Protein chains: 2
Amino acid sequence: MQTNEALDIEATANVLKLLGDKTRLTMVKIMSEHECCVCEFVDLFDMSQPAISQHLRKLKDSGIVNEARRGQWIFYSLNQTSSYYSFIQTVIKDLPSQAFKVEELTAQGKRICCD
Amino acid sequence: MQTNEALDIEATANVLKLLGDKTRLTMVKIMSEHECCVCEFVDLFDMSQPAISQHLRKLKDSGIVNEARRGQWIFYSLNQTSSYYSFIQTVIKDLPSQAFKVEELTAQGKRICCD
DNA sequence: CTAATACATAACCATATGCTTATGTACTTA
DNA sequence: TAAGTACATAAGCATATGGTTATGTATTAG
């Protein structure tokens, strides 16, 4: 197993607190598999659009995720340059894939693509 | 890297929430290196004894730590039979060792030993 | 320009969290 | 048996958290 650099214990606790919410943890797992825009998350979770935005804001403020506007949509993705990127990958590695959820979106014609 | 069994996403979020507190995360790191009794934790953290007990209770209720009474003292240690044991080991692997804290206790004659 | 869509922000509220002090219980020792 | 030590539990309180509804701001389409 790879040995990484030492992590600060307080900063790590803050990252774990962010991941310690079912919605955000699921979001992060999803983003580890696809980038996603806000309206897709709104379709995936039984929750209002502002609630989704507020979760994404916490993740963005911590530097864990990136946002990128493309036209009307803002896509969120894991920030691969974050110093916690590999740590997060390790933490979510054995969580069940959420790809099926995005496939359901596609089946319902709700998937957003900007190609 | 070893591939472990899939973890439930909600249960994992609950474990991460427990670890997402600086005090508990430090406690868990300490317990991964030594077992510890409550009065030692009280000496290690700038916090009242009930506050320490309440953190330990949360960790115990979730099954990630064990308690064992030895005489007057109750020692807490990581529960190696917990289904989250290896997950927790992975999460805390790169945190700085807290052994120096226990060494300070020993230097001050505050370390409890039941040999 | 106007309307619609996507998203963010503000204000509010109920519940959760993490501490405190006070007190109860178990064990040890004199 | 009585007192001291270690720990748990209860109650109270301030703040954090996570949701809601209402509204503001970009961007796109007509």
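Nothing here was measured: the structure is a model prediction, and the numbers come from that model. Labels below follow one simple rule: chain letters A, B, ... track the order of the sequence lines, proteins then strands, and each chain is numbered from 1.
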Under 4.0 Å between a side-chain N or O of [X] and OP1 or OP2 of [N]?
X: A:Y76; N: C:dA6; answer: no
X: B:R24; N: C:dG18; answer: yes
X: A:S48; N: D:dT20; answer: yes
X: A:R57; N: C:dT9; answer: yes

Distance check needed: [N] [atom2] versus [X] [atom1], whole Å only.
X: A:K58; N: D:dG19; atom1: NZ; atom2: C1'; result: 10 Å
X: B:D21; N: D:dT17; atom1: CG; atom2: P; result: 11 Å
X: B:H55; N: C:dT20; atom1: NE2; atom2: C1'; result: 12 Å
X: B:E67; N: C:dC27; atom1: CD; atom2: P; result: 12 Å
X: A:R70; N: C:dC7; atom1: CZ; atom2: P; result: 12 Å
X: B:Q54; N: D:dT9; atom1: CD; atom2: P; result: 10 Å
X: A:F75; N: D:dA26; atom1: CZ; atom2: P; result: 20 Å
X: A:I52; N: D:dG19; atom1: CD1; atom2: P; result: 8 Å

With heavy atoms under 4.0 Å as the rule, sort [X] into base, sugar-phosphate or nothing.
X: B:K60; value: nothing
X: A:F41; value: nothing
X: A:K22; value: nothing

Options [options], nucleotide nearest the side-chain atoms of [X]:
X: B:C39; options: C:dA22, D:dT28, D:dC7; answer: D:dC7
X: B:Q72; options: D:dT17, C:dC19, C:dT28; answer: C:dT28
X: A:A51; options: D:dC7, D:dT20, C:dA8; answer: D:dT20

_For A:T23 and B:I74, find the nucleotide of DNA chain D closest to each by heavy atoms; which residue's nucleotide sits nearer the 5' end?_
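Looking at the nearest nucleotide for each, B:I74 comes out on the 5' side.
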
*Just do the side chain to side chain contact (heavy atoms under 4.5 Å, CB included) check on B:F87 and A:V91 with the steps written out, would you?*
CA-CA 8 Å; B:F87 176 73; A:V91 169; 4.0 Å; yes

*Do A:F100 and A:E104 have side chains that get closer than 4.5 Å, going by heavy atoms?*
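The answer is yes; the side chains approach within 4.5 Å.
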
*With side chains defined as the heavy atoms from C-beta onward, is the minimum distance between A:Q98 and B:I9 less than 4.5 Å?*
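Yes, close enough: below the 4.5 Å cut-off.
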
*Is it the case that A:R70 places NZ or CZ above or below the six-membered ring of A:F75, under 6.0 angstrom from the centre and within 45 degrees of the axis?*
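Here A:R70 passes the 6.0 Å and 45° test against A:F75.
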
*Is there a donor N/O on one and an acceptor N/O on the other, under 3.5 Å, for the side chain of A:Q49 and the base of C:dA6?*
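Looking at the base of C:dA6, it does not pair with any donor or acceptor on the side chain of A:Q49 (distance under 3.5 Å).
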
*Check the angle between the aromatic planes of A:F41 and A:F45 and answer parallel, tilted or perpendicular using the 30° and 60° thresholds.*
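Geometry flag for A:F45 against A:F41: tilted rings.
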
